[in-house]
Amino acid sequence: MRTGWKWNFLCRKIEALEENMKNGLEMEKNGGPQRDVPELTREQIEAIPQQLFTPASFNEEEAEKISYSNYSYWASTLKNFWKNKAAAVLIVALALLIAFTVIQPYLPGQRPATLINNDPDTGMHLRNLPPDGEYWFGTNDIGQDLWARIWAGTRTSLFIGVVVALSDLIAGMILGLVWGYVRKVDRLFTEAYNIISNIPQTLILILVSYILRPSLSTIIISMCMVGWLAMARFVRNQVIFVRDRDFNLASRCLGTSTFKIICRNLIPQMVSVVSLQTVLAIPGAMGDEVFLTYIGLGLPVAIPSLGNLVNDGRVLMMSPQLRYQLIFPAAVIGFITIAFYVIGNAFADASDPKNHV
Amino acid sequence: MGQKTDAAKNDTIKNDALQNDAVISVRDLNVKFHLRGQRLHALRGISLDIHQGESLAIVGESGSGKSVFIKNFIGLLDKNGWIDSGEIWFAGQDLAKLKDEKVWRKIRGGKIAMVMQDPMTSLNPLKTIGWQIAEALKLHQGLAGEAAKNKTAELLSDVGISLPETRMKQYPHEFSGGMRQRVVIAIALACNPEILICDEPTTALDVTIQAQILQLLKDLKEKHHLTTIYITHDLGVVANVADRIAVMYAGDVIEVGTCEEIFFQPKHPYTWSLLSSLPQLAAGEEELYCISGTPPNLFQTIQGDAFAPRNPWALQVDFLYRPPYFEVSPTHKAKTWLLDPRAPKIEPPAAIRRMMELGKQPQARAGRKESADAK
Amino acid sequence: MQNERRNVLLDVRNLSITFGRGTKTFKAVDNVSFHIYKGETFGLVGESGSGKTTIGRAILRIHPTSGGDVLYKGKKINGKLSRAEDYEVIRHMQMIFQDPMASLNERAKVSDIIAEGLMNLQPDLSAKEKKRRVEEALLSVGLLPEFSSRFPHEFSGGQRQRIGIARCLIMNPEFIVADEPISALDVSIRAQVLNLLLRFQKERGLTYLFIAHDLSVVRFVASRVAVIHKGVIVEMANTEQLFSRPLHPYTKALLSAVPIPNPLLEKKKELLIYDPSCHNYESEAPQWTEIEPEHFIWANRPELAQYRKALDL
């Protein structure tokens, strides 16, 4: 499932990001305009009046003032992110796409996605109409409006993606924090992880899909059941990485409770890497949905999703005049996936303090 | 070093002659960096000669620009930095204008080698140390096969590693920190350099190892006729190894002199502060002298003496005009208005006065206990 | 002796600390005993990996101990403690860390960092009182009250270390473990931090366990010194005693390695190198012995005889 290029890519990004975080918020300093001061000539030196050679008053407090820093890590990260033109364009386009997906059914003149359109004259289904002014993306083999179906499908797929990513985040975060921070359970969790992760995830998905009736909640449940594993492992590694840093020891010395240490010291350190991981889980889950539908374990045909649309289109791939039925949904899912990864990539680069010059 | 040679050296400084015994001659070097849309003036007009066969210590706190300064000698300035003006004369060419990477590669390693603070960063963990030394020998001395192997063993025993034949088959992780630093030094020597730059070579090491490495560097310098440049933030560690000391502050060399001059007759208040903040020099219950505040912000133009805001002995003129070099002796000069004839006589801190007293005593009487306990 | 009349604040008896479990154990600290008098600075000197930091952390209950006792005012504080007892330890003991870059939470404001321990002990402190206490703490370490709303990355190493000290002092501790508090700092600002520590000791009667790798610093701050090598304390004495008459060859090697900021002496200095094989512990095991009042050494009988001769006892 989440193996292969996607996963590797994600891992690499996350690693790069981890590295960035490690280097942390080191560089600072700010300042104002600057000009070169020329060296004094002998005449100028001799012309310096005698009264200047008297001790000046010394103000210790003045010396202590920090002349440094209006540098902020997040501000620099954002600034660098916007410098990446491709990512900036994509994030705007993606935001527009998602916004449109949400408001599309409320716009005037939209047809319901499941409505079967009949020819008002003949009463026949308007089957396999190529794109035209009326049906912008054409219709499918039972006369449903492909335009409406694609947005409905995107809605479903995004919903699946967001819910799965959030549940990954919550479950993975809680378990990962406990796993990483409480030394006593490390062994137990690691062994459990080893066992569970050795069962092919596809198998679990197939099993759940068989046991439960195919539906939106089934597919979400099955994906949530496997998704948190990777996240928990990831969070655990992050925790171990910062757990024994001096500032956590200091908090322990100061009597701060474990819960507070986790909330105040550990989680803020991981916000950026974990949020990136969560965001990248969205296209991951959408891809999984397409895959599950492809092997016949996905959503029922009645619910339009990008997986269903791609699967329907795939059947018609061989007839050139019907290819639009594959191309449109494939383009949408392709765009969403690519946009997420390019944005994630740009964010990882932008968050590298080494690039904050 | 005798008085006469010192005087001769000074003539070359005075005449600004770039030949004679100056291996590297830096003239009015200005280096700037682009950092987050701002310009950082990292080196502010440094002029310094490094003489043939001497060992020079460049001392300064972090951010004083000492590392940036020597990076110019090996052409490894960070890519957001550039030489704004100035010259660096080495072997008849101006390194400040040298752009040809091929020539640089010959200088770097071949003529000027460097030992870094953390030995692990300069060693390849996946290759045996024998391989790594042999690689340097091949590149810079054209040795291969049996000759390279013999030379490797010789270098390893040179840097004080026993059983070189066995040790050269081992990997860096099998060595302790001090031993790794010795290996790094061996690799630097394998390049057969004229100049060896040691960037905080002992900061990461334990005290006992630190002393051994410094001693080793000193011995190797004699044996291989090297010119050595030490970079450090700790004046205490260079007393043994340095012939001359240059004190850097805020991107400028504010005082330079022979080792004895800097320790026994320091003139710049910053040098006073550096010396008297050493706990070794404290006497009894007295508080250590300390410098308050932080170094200046080099993004902004510095008016007058960069140290003035932190300097309890600052004169009013310090805040207005940047002091030029005042010569104290042919080998000793400092950038402070306190040396101007019009300046009032100012008493240095107690620890410095004790050091000055010690300097006047005949060497034989200067016992170890007195150095710390003299009141 | 004068020392015997003084109160022992912290007594460490036969402390052992082991890392790892199963067959892969590593004894970081082996059967170490020392005591610290109230109001003094006790220096613990050793190289990296000698176990000195581990001892400091074990006293503060960060590392579990595997043998021996740590007694604070006569009460055992290692091993299992009730929550109330744990709080009591936290109230009395604090720690200053080596690396000011790593010991402050980058994502917290200076005021929250400094008040962290205070809020743990007195959770119902009013915001106004908290602000007052934080500003007082900042001023006491020579920083400006206006810094309290800044973040750690805006400060230099020396300033950050002083924030760490303020965080520690706001708890009003009696005993502080200072784990190499100056070795990560630039030489020019080390003095400032040392002066602060000494001033607070005078003002508040604090007791320090000062961990260092450098004897020169310890000589300046400590009244008594223990030298640790590979998890074993090899020598312990009053500072002047140890510096004027070091006995153990390791102590001698450490002393000879201290850089002297005086070129005339430094160039003549003879460097001693410690070789553990100079001890013959096969025939007779060494013991922790008080060779002269307040001067302890890790040696066996033949060595003791030799040391006594050196001391003219």
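Throughout, protein chains are lettered first and strands after them, A, B, ... in sequence-line order, and every chain is numbered starting at 1.
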Options B:D318, B:N311, B:I346, B:D28, ranked by heavy-atom pairs under 4.5 Å with chain A, top entry: B:N311
A:R264 atom CZ, over 12 foreign heavy atoms within 6.0 Å: no
Proximal component of B:F33, with respect to chain A [non-hydrogen, under 4.5 Å]: neither
Distance, nearest 0.5 Å, that separates CG of A:L52 from OH of B:Y321: 6.5 Å
Residues in ring pair (Phe, Tyr, Trp, His ring centres under 6.0 Å) contact with B:Y289, at least two apart in sequence or another chain: B:W313
B:K79, NZ: over 12 other non-hydrogen atoms inside 6.0 angstrom: no
Heavy-atom closest contact (A:E46 atom, B:R342 atom, distance): O-NH1, 3.3 Å
Part of B:L320 within contact of chain A (heavy atom distance under 4.5 Å): side chain
Qualifying residues under side chain to side chain donor-acceptor pair (under 3.5 Å), relative to A:R236, sequence neighbours excluded: A:D186
Euclidean distance, A:I48 CD1 relative to B:D340 CG, rounded to 0.5 Å: 7.0 Å
Partner chain A: residue of B:P344, B:G45, B:P312 with the largest heavy-atom pair count (under 4.5 Å): B:P312
Atom group of A:Q51 that falls short of 4.5 Å from chain B, counting heavy atoms: backbone
